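This report refers to the structure that appears directly beneath it.
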Amino acid sequence: MYVSGNGLLSGLEKAQPDVLLLDLQLPDYTGNELVRIITRQYPAIRILILTSMEALFHVKDVMQHGASGYLTKDAEPAVLLRW
């Protein structure tokens, strides 16, 4: 688990997960920026956004730039299972 975008990017140089859970709010990068970087450098990684931000702008932006899914942290369990 990484607490910064720089930490995440450094970790990805060493090993790449199949699926990456990514928050949109990090201290040094936005999740929107990281989605663009990661999908360009590591196209095989599937990115699932897990965040408290529900703004439609963020949903559209990350999905258009390669995220595979978008869930809010307060999503009901039934929604998570259906996804």
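The model shown is predicted, which means the values in this text are computed figures rather than measured ones.
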| task | Start with the C-alpha gap between Leu8 and Leu22, add the side-chain angles, then the distance that decides, and say whether side-chain contact (heavy atoms from CB on, under 4.5 Å) holds. | result | CA-CA 10 Å; Leu8 171 61; Leu22 180 64; 4.0 Å; yes
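- There is no path of hydrophobic side-chain contacts, each under 4.5 Å, that joins Leu34 to Val3.
- The shortest heavy-atom contact between His58 and Leu24 is CB-CD1, 3.7 Å.
- Take Thr30 and apply the side chain to side chain contact (heavy atoms under 4.5 Å, CB included) test, not counting sequence neighbours, and it matches Asn32, Glu33.
- The CD1 atom of Ile47 sits 10.5 Å away from atom CE of Met63, with the distance rounded to the nearest 0.5 Å.
- Screening residues 46-57 for side-chain hydrogen bond (donor to acceptor under 3.5 Å, both in side chains), with sequence neighbours left out, gives Asp23-Thr51.
- For Pro17 against Leu12, the heavy-atom pair with the smallest separation is CD-CD2, 3.6 Å.
- Counting only residues at least two apart or in different chains, side-chain hydrogen bond (donor to acceptor under 3.5 Å, both in side chains) contacts with residues 5-20 comprise Asn6-Asp28.
- Each salt bridge (Lys or Arg N to Asp or Glu O under 4.0 Å) pair with one or both residues in residues 55-65, not counting sequence neighbours, appears once here: Arg36-Asp61.
- To the nearest 0.5 Å, atoms CG (Leu9) and CD1 (Ile38) are separated by 6.0 Å.
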| message | Applying side-chain contact (heavy atoms from CB on, under 4.5 Å) to Phe57 and Val62, what does each step give before you reach the verdict? | response | CA-CA 9 Å; Phe57 162 79; Val62 295; over 6 Å; no
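- With sequence neighbours excluded, the residues satisfying side chain to side chain contact (heavy atoms under 4.5 Å, CB included) with Leu21 are Leu48.
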| query | Given Tyr42 and Leu20, is the side-chain contact (heavy atoms from CB on, under 4.5 Å) satisfied, shown in steps? | reply | CA-CA 11 Å; Tyr42 307 100; Leu20 173 67; over 6 Å; no
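- Taking all atoms of both residues into account, the shortest heavy-atom contact from Tyr70 to Met53 is OH-O, 2.5 Å.
- Counting only heavy atoms from C-beta outward, the side chains of Tyr2 and Leu26 never approach each other to under 4.5 Å.
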